[in-house]
Amino acid sequence: MLQPHLIKAHKEQYIQALKKRNIEAGALLDKVLTLDEQRRATQTQLDEILAESNRLSRAISVLYKKGEAEQAATAKEQSSQLKIQSKGLSEKLIQVSKELEELLYTLPNIPHESVPSGKSDQDNEEIFREGTIPDLSASNLPHWELAKKYDLIDFELGNKISGAGFPVYKGKGARLQRALIAYFLDKNTQAGYKEYELPLLVNEASGYGTGQLPDKEGQMYEIPKDNLYLIPTAEVPLTNLYRDQLLEEKDLPIALTAYTPCFRREAGSYGADVRGLNRLHQFDKVEIVNIVKAENSYGKLNEMVEHVKVILRELNLPFRILRLCGGDLGFTSALTYDFEVYSTSQERWLEISSVSNFETFQSNRLKLRYRDKENKKHLVHTLNGSSLALPRVLAGILENYQTMDGILIPEVLRPYTGFDKIV
RNA sequence: AGAGAGGUGGCCGAGCGGUCGAAGGCGCACGCCUGGAAAGUGUGUAUCCGUCAAAAGCGGAUCGAGGGUUCGAAUCCCUUCCUCUCUGCCA
C-alpha cells in the first residue's frame, strides 16, 4: 500500500512511474491527497473537542469533591453537548479514513526505475541466458507423454478424485517430487534461510497483509464457513509471520524458507498452455522470503537471483532471466525477475521462479517496522522468490533429460532419489 | 461440540467507576559503586494519530476486538475472537 505523505512528496515521479503499468494515476493520486487532507483536518477538530471534554470531566470530579453540585451539573450539560459534536466528527473521521484506505488498496506498487514499459509478457526484457538446449532428435516427447510412458504422473486419476489440475504423482514420480523439495530446502537452508512448516489455510487479515486481498480474491480457494483461504503461495503465511511487528535493528536481516503446496483457482486459461504440468490448481513450491532494511533490498534481490541461478545451474537446465515490464509486473511488486526453463519438447520457455522486491508496499500493509539506534521507526523492505516451483522444473527435467532408454536424473538429485534413471 | 475460568506494557502481575498510560517486580539501557564483574544503588524504559519543515513540546487514542451505559470506563452491560481447565470426538 502506498503512503500518502510519499505521494505528496513525489507525485509527478509516481505518475510517470505508474505510466509504465499503463495507468493514468494523476486523478487518483489527487484524490488520495484530498482525502488525506480531510482526514487530518477532521482528526485535528475531533482532538480539540475531546481535549475540552476531558478538561470538563476532570473539573466535574473536583467540583463534586468540593460539594459544588450545581456547577457540576452545568459542566455535565456542557460535556453532553460536546459529546454530540464529537460523535459526528468521529463518524466522519472513520468514513474518510475508510474511503482513503479503499482507494489506496486499488493502487499498485510504484515500479522501480529499471522496469521497462510494456503492455504484456511480450515486452519483458531478457537479461540473462545460460545452459545448452539438448539435442533430442532421438527421443522427443513432451512431459505429459513421458509421465504416462514411465507411469510417473496420473492426470486422469486426479481428475477422478478432485478435478482437472490436480495431478497424482506415482512411484518414481512421487519420489522425484520429494527429492526436489528436500534438495531445494537444503539449498535454501545452506544459504542461511530458516526453515518453516506452515498452515496452509490463512485468515483474511493475512490475505490483506501480503496483498492477495482485496486485489486477487478470485485466485484463492475460499472456505466461507470458517472464513479461511487456501494459500496460493507460502509467501502468505511466511511473510505474515511478521505482521504487526516492531523489530529491533539487530533482528535484521531475516531470511525464511518453507515448502508448501499451493492452491490456485486460475480461472480462464485453456489449450496447450495448460497441458500437463504447465498450469495446475494444486502444486508444490519452496519459497524464500527476505526482510531487510531499505538500503539493502536491491542488493538482496540480486543475491536471490544468484541463489536461484546456482540451483538451476546445478540441475543443469537451460534457463533465462527476464526483467518484467510494467504491464506484466505484479500488483505488489516494484521489480520482478522471472526465471524460465526451456522446455525442449514444447519448444517454449516455462516460468519456474519469480523473484520480487516489494519495497515497503507489503510492510506498510503488514505494519512491519524496525527501530534503529536513534529509536526511529522505519518500514522494512520485503522480498520473496520461488526457490523453486516444482511442476515446471519437473517438466523441464523430464523433457531435457530424456533419452532413448529412459530419463536420467540430474546428478545433484541422485542422493535424494536413490536412483539415477527412470526406465 | 458442551461446562467453567481468563485475556492488562518486552515478560510477570496489581488495579474492578474519577489526574490510570496504568502500582510493584523481572528484563533492558545509561550512570554511580568496583581493579574488573556480581551484588547494591540512581535514572530512564509502549504504540499509533494530529499539530510542526523537523525535533522538543502540546493535544488525542489505545488495558484482546467491536458496540453500549456515564460528565467520566482497564473497571459496569452486550456482541465477538482467542487462550486455559474439565467432558465429548479424533490423527
Side-chain angles (χ1 to χ4, degrees), chain A residues 1-11 32-104 197-209 213 223-229 237 240-252 254 261 360 363-380:
Chain A
M1 191 150 64
L2 301 178
Q3 302 172 74
H5 77 276
L6 292 179
I7 293 176
K8 193 175 178 183
H10 307 289
K11 193 172 106 185
V32 169
L33 295 181
T34 309
L35 284 170
D36 188 51
E37 201 102 340
Q38 274 181 41
R39 193 200 104 245
R40 287 182 291 120
T42 311
Q43 175 90 59
T44 305
Q45 281 179 49
L46 177 62
D47 284 355
E48 276 165 13
I49 286 169
L50 290 175
E52 180 58 24
S53 175
N54 287 342
R55 272 193 290 276
L56 278 170
S57 280
R58 283 187 290 253
I60 289 166
S61 171
V62 173
L63 289 171
Y64 270 125
K65 276 174 193 157
K66 286 200 222 156
E68 297 177 26
E70 266 175 52
Q71 292 188 45
T74 315
K76 271 191 194 180
E77 182 52 31
Q78 283 178 41
S79 188
S80 299
Q81 290 303 316
L82 286 174
K83 180 155 191 187
I84 293 163
Q85 288 182 46
S86 77
K87 198 153 192 174
L89 279 169
S90 163
E91 273 161 18
K92 187 180 168 192
L93 181 64
I94 289 166
Q95 204 263 325
V96 171
S97 303
K98 197 177 154 205
E99 209 177 316
L100 176 61
E101 187 179 50
E102 278 167 7
L103 180 57
L104 287 170
E197 180 165 319
L198 299 161
L200 307 181
L201 278 67
V202 294
N203 58 28
E204 204 173 13
S206 296
Y208 275 94
L213 296 174
I223 298 161
K225 201 168 182 179
D226 299 293
N227 206 14
L228 293 168
Y229 296 84
N240 273 283
L241 294 173
Y242 283 87
R243 171 152 47 85
D244 292 322
Q245 283 222 20
L246 180 54
L247 301 165
E248 298 301 327
E249 191 167 5
K250 63 174 163 53
D251 298 332
L252 297 171
I254 291 167
T360 59
S363 61
N364 188 32
R365 286 195 184 185
L366 291 160
K367 294 191 181 62
L368 170 52
R369 295 149 298 150
Y370 76 93
R371 178 159 42 193
D372 70 17
K373 292 179 193 86
E374 278 88 53
N375 223 8
K376 284 195 168 186
K377 286 146 211 115
H378 311 272
L379 289 171
V380 299

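All of these numbers come straight from a predicted model, not from anything done at the bench. Chain letters run A, B, ... following the sequence lines, proteins first, then strands; residues in each count from 1.
- Nucleotide B/G50 holds its C1' atom 15 Å from the NE2 atom of A/His5, rounded to whole Å.
- A/Gln3 places its CD atom 13 Å from the P atom of B/C48, with the value rounded to the nearest Å.
- By the side chain to side chain contact (heavy atoms under 4.5 Å, CB included) test, A/Pro199 is found to be paired with no residue, residues two or more places apart in sequence or in another chain being considered.
- Note that CG of A/Leu6 is 14.5 Å distant from NZ of A/Lys11, once rounded to the nearest 0.5 Å.
- In terms of the side chain to side chain contact (heavy atoms under 4.5 Å, CB included) criterion, residue partners of A/Glu37 (sequence neighbours excluded) are, by chain and number, A/Arg40.
- Residues passing the side chain to side chain contact (heavy atoms under 4.5 Å, CB included) test with A/Ala41, sequence neighbours excluded: none.
- Across the C1' atoms, B/C77 and B/U70 are found 12 Å apart, a figure rounded to whole Å.
- With both ends at atom C1', the span from B/G21 to B/U62 equals 9 Å, rounded to whole Å.
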Watson-Crick or G-U pairs under 3.5 Å in RNA chain B, rendered as dot-bracket with [ ] for crossing pairs and | for another strand:
((((((((.[[[..)..(.....]]]((((((.......))))))((((((.....)))))).[[[[[..)....]]]]])))))))....
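- If you take atom C1' in B/C84 and the same atom in B/C26, they sit 24 Å apart, rounded to whole Å.
- Using a 4.0 Å cut-off between charged side-chain N and carboxylate O, A/Glu52 and A/Arg55 make a salt bridge.
- Each of A/Asn375 and A/Glu48 has a nearest nucleotide on RNA chain B; the 5'-most of these lies closest to A/Asn375.
- Remark: P of B/C82 and CG of A/Asn203 are 10 Å apart, rounded to the nearest angstrom.
- Residue A/Arg39 has a polar side-chain atom (N or O) positioned under 4.0 Å from OP1 or OP2 of B/G50.
- Separating the NZ atom of A/Lys8 from the C1' atom of B/C52 is a distance of 12 Å, rounded to the nearest angstrom.
- Of the possible polar contacts, one joining the A/Ser80 side chain to the A/Lys76 backbone as a donor-acceptor pair under 3.5 Å is found.
- Tested against A/Tyr229, the residues A/Leu201, A/Ile223, A/Leu213, A/Asn203 include a single side chain to side chain contact (heavy atoms under 4.5 Å, CB included) partner, A/Leu213.
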In B/S/- notation, 5' to 3', how is nucleotides 61-75 of chain B contacted by protein heavy atoms closer than 4.0 Å?
S------S-BBS---
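- The C1' atoms of B/A54 and B/G72 are separated by 36 Å, rounded to the nearest whole Å.
- Separating the CD atom of A/Gln45 from the C1' atom of B/C49 is a distance of 15 Å, rounded to the nearest angstrom.
- An OP1 or OP2 oxygen of B/A29 is reached within less than 4.0 angstrom by no side-chain nitrogen or oxygen of A/Lys373.
- A distance of about 24 Å separates the P atoms of B/A46 and B/A38, rounded to the whole Å.
- Under the rule for a side chain to side chain contact (heavy atoms under 4.5 Å, CB included), the partners of A/Asp372 that lie at least two apart in sequence or sit in another chain are A/Glu249, A/Tyr370, A/Glu374, A/Lys376, A/His378.
- Distance A/Asn364 CG to B/C49 P: 10 Å, rounded to the nearest Å.
- When heavy atoms are screened at a 4.0 angstrom cut-off, A/Leu246 is found touching the sugar-phosphate backbone but no base atom.
- A/Arg369 has its CZ atom 11 Å from the C1' atom of B/A46, to the nearest Å.
- Regarding A/Leu379, its CG atom lies at a distance of 13 Å from the C1' atom of B/C48, rounded to whole Å.
- Using a 4.0 Å heavy-atom distance criterion, A/Arg55 is classed as making no nucleic acid contact.
- At most 12 non-hydrogen atoms from other residues, nucleotides or ligands lie less than 6.0 angstrom from CD of A/Glu70.
- Remark: side-chain polar atoms of A/Ser363 are paired, donor with acceptor, to backbone N or O of A/Thr360 under 3.5 angstrom.
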